Amino acid sequence: EGGEPLTSRSFEVDRAARFTKGSGLPIRIPVIEMIEIGAGGGSIARADALGAIAVGPESAGSEPGPACYDRGGEAPTVTDADVVLGRISPEHFAGGEMTLAAEKSSAAITGLGRAMNLDLDTAAVGIGEIVDENMANAARVHAAERGVGLEGHSLVAFGGAAPLHAARMAEKLQLSRVIVPADAGVGSAVGFLRAPVAYELVRSLYLRLDAFDDARADALLAEMSAEAHALAEGVDGLEETRVVFMRYCGQGHEIAVELPPGPLGAEAPSRLREAFEADYAEQFARIIPGAAIEALNWSVTVGAPAPQAEPLGETGSSPSPAPIGKRQVRDAAEREAREVPIYARADMGPGASLDGPALIVEAATTTYVTARFAARLDAGGALVLDRKT
């Protein structure tokens, strides 16, 4: 929201129950808010106890990897389903540096289909639909927990497999725009390299607003600020952010409330209540009038300023590229195969556009543009998929 990622004070890994808080191993570190759902290209498909298709969280990883890697893997994975569905062109995979064994994908998924009385194509469609629904449902749950509606938002796809599935996921979520940034296949690495250096300190100091000691709070924040700045010595242009974690007395979870710069002062209780209730109402659509509020933890973060994006300028009007090939792709929504052109992303200049269905290949990923979307390249090198009117 507003160009800022959501952050969290904790993160759970290896959840025993998907989407269920408290069922995983908690890690108490500041992180970008994420939901782990086990929906990567290596996620393994199987028949569950009810005889339905289930995907993940078990993964073939990169070693041995999907069956089509021909490295000893035999389990049917999402990548194998994408190969069978035609979304992945074996000759264009990884920029042509790695040859996929498409027949191994067919054999792996045929084995799963035989156990469920499904033919090859139906089993592959089922795997794709299940993993896409898993991702779409995760987005719905996350939005509901945040009190945010999905309408009007854009879906950003990064990683090797996400651009293959993003358009179908957007259809399920009724979103009108998908963005596939430049270098999307290595998006995590790009983000890691561009992320500004930052140091965060957290200290506990329990204070109720109806018995607030602003002098103690100011002294703690000043001490933390000095320590954080010492840790960041040598970093230019430091910016400081201060946050307090607050809740209504007796609640089990806190929300983060950003603090203004400078001393809190005698007016702190009223200002903190106002800020807390504004954030609380935004998240839960209500407040508890007159209820006691408590502050538990205080955070000071100092870091280099985030890199500023350069203005994109005019998009241009490059001509549509010529296809470099074509292949049969089975569409999950239409349940039928059709001949789809293949385009090279490198052949697209700013402003170039094309209608779906189409495959747009590059070294680190492939973008599948479904028939309900049209794609264009913006001035920043991002593929923008807009739903056709």
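Atoms considered below: every heavy atom in the structure, side chains included; atoms not considered: hydrogens, waters and symmetry mates. On a predicted model such as this, the values are computed, not experimentally measured, just so you know. Residues take their numbers from the sequence shown, with the count starting at 1.
Here the CE atom belonging to M348 is positioned 7.5 Å from the OG atom belonging to S320, to the nearest 0.5 angstrom. How far CG of L150 is from NE2 of H142: 10.0 Å, rounded to the nearest 0.5 Å. Distance CZ/R387 to CZ/R177: 12.5 Å, rounded to 0.5 Å. To the nearest 0.5 Å, atoms CD1 (I293) and CE (M246) are separated by 5.5 Å. Rounded to the nearest 0.5 angstrom, L383 CG and I179 CD1 are separated by 10.5 Å. Between the OG1 atom of T77 and the CG atom of L112 there is a distance of 11.0 Å, given to the nearest 0.5 Å.
In this structure, F212 and W298 have tilted ring planes: the angle between them lies in the 30° to 60° band. Using cut-offs of 30° and 60° for the angle between ring planes, the F93 and Y69 rings count as tilted.
L164 and L100 fall within the same hydrophobic cluster, defined by Ile, Leu, Val, Met, Phe, Trp and Tyr side-chain heavy atoms under 4.5 Å apart, directly or through other members. A single hydrophobic cluster is not seen to contain both V329 and Y343; linkage of ILVMFWY side chains at heavy-atom distances under 4.5 Å, directly or through other members, places them apart. Hydrophobic clustering places V257 together with L201 (ILVMFWY residues linked when any side-chain heavy atoms are closer than 4.5 Å, directly or through intermediates). When the side chains of ILVMFWY residues are joined at heavy-atom separations under 4.5 Å, either directly or via intervening members, F245 and F276 end up in two distinct hydrophobic clusters. Note on I342: it does not cluster hydrophobically with L354, by side-chain heavy-atom contacts below 4.5 Å among ILVMFWY residues.
At a threshold of 4.0 Å, the pair D132-R168 does not count as salt-bridged, since none of the basic side-chain nitrogens sits closer than that to a carboxylate oxygen. Using a 4.0 Å cut-off between charged side-chain N and carboxylate O, D331 and R338 make no salt bridge.
Between the S318 side chain and the P350 main chain, a donor and an acceptor come within less than 3.5 Å of each other. Looking only at distances, no side-chain donor or acceptor of T122 sits under 3.5 Å from a matching main-chain atom of D119. A donor-acceptor distance shorter than 3.5 angstrom exists from the side chain of D80 to the backbone of C68, with no hydrogens or angles considered. Put simply, the side chain of R46 gets close to the backbone of G56: a donor and an acceptor are under 3.5 Å apart. Between the side chain of H153 and the backbone N or O of G149 there is at least one donor-acceptor pair closer than 3.5 Å. Between the side chain of Y248 and the backbone N or O of I288 there is at least one donor-acceptor pair closer than 3.5 Å. At distances below 3.5 Å, not a single donor-acceptor pair connects side-chain atoms of R242 with backbone N or O atoms of L259.
With no hydrogens or angles considered, no side-chain donor-acceptor pair links T79 and D82 at under 3.5 Å.
Shown here is Q328, whose CD atom has more than 12 heavy atoms of other residues, nucleotides or ligands within 6.0 Å. In this structure, E282 places its CD atom where only 12 or fewer heavy-atom neighbours from other residues, nucleotides or ligands lie under 6.0 Å away. The number of heavy-atom neighbours closer than 6.0 Å to NZ of K388, taken from other residues, nucleotides and ligands shown, is above 12. Within a 6.0 Å radius of CG in D70, more than 12 heavy atoms belonging to other residues, nucleotides or ligands are found. Within a 6.0 Å radius of CD in E63, more than 12 heavy atoms belonging to other residues, nucleotides or ligands are found. Open room surrounds CZ on F192; 12 or fewer heavy atoms of other groups in view lie less than 6.0 Å from it. Atom CD of E74 is surrounded by 12 or fewer heavy atoms from other residues, nucleotides or ligands within 6.0 Å. Counting non-hydrogen atoms of other residues, nucleotides and ligands closer than 6.0 Å to CD of Q283 gives a total above 12.
A pairwise comparison of heavy atoms in V84 and A124 identifies CG1-CB, 3.7 Å as the closest pair. Minimum interatomic distance between V178 and A170 (heavy atoms only, all atoms of both residues): CG2-CB, 3.6 Å.
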**Item:** Worked verdict on T366 versus H92 for side-chain contact (heavy atoms from CB on, under 4.5 Å)
**Value:** CA-CA 9 Å; T366 295; H92 296 105; over 6 Å; no

**Request:** Output, in order, the C-alpha distance, side-chain angles, deciding distance and verdict of side-chain contact (heavy atoms from CB on, under 4.5 Å) for R87 and H165.
**Result:** CA-CA 9 Å; R87 295 175 179 175; H165 295 259; 3.2 Å; yes

**Prompt:** What's the verdict on side-chain contact (heavy atoms from CB on, under 4.5 Å) for L377 and R345, showing C-alpha distance, side-chain angles and the deciding distance?
**Reply:** CA-CA 9 Å; L377 193 74; R345 184 164 178 166; 4.3 Å; yes

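Each of V131, I44, D48 was checked for a side chain to side chain contact (heavy atoms under 4.5 Å, CB included) with V55, and the lone residue meeting it is V131.
Contacts classified as salt bridge (Lys or Arg N to Asp or Glu O under 4.0 Å) and involving residues 227-237 (residues at least two apart or in different chains) are given here: R203-E227.
The side-chain contact (heavy atoms from CB on, under 4.5 Å) test applied to S59 returns no partner, not counting sequence neighbours.
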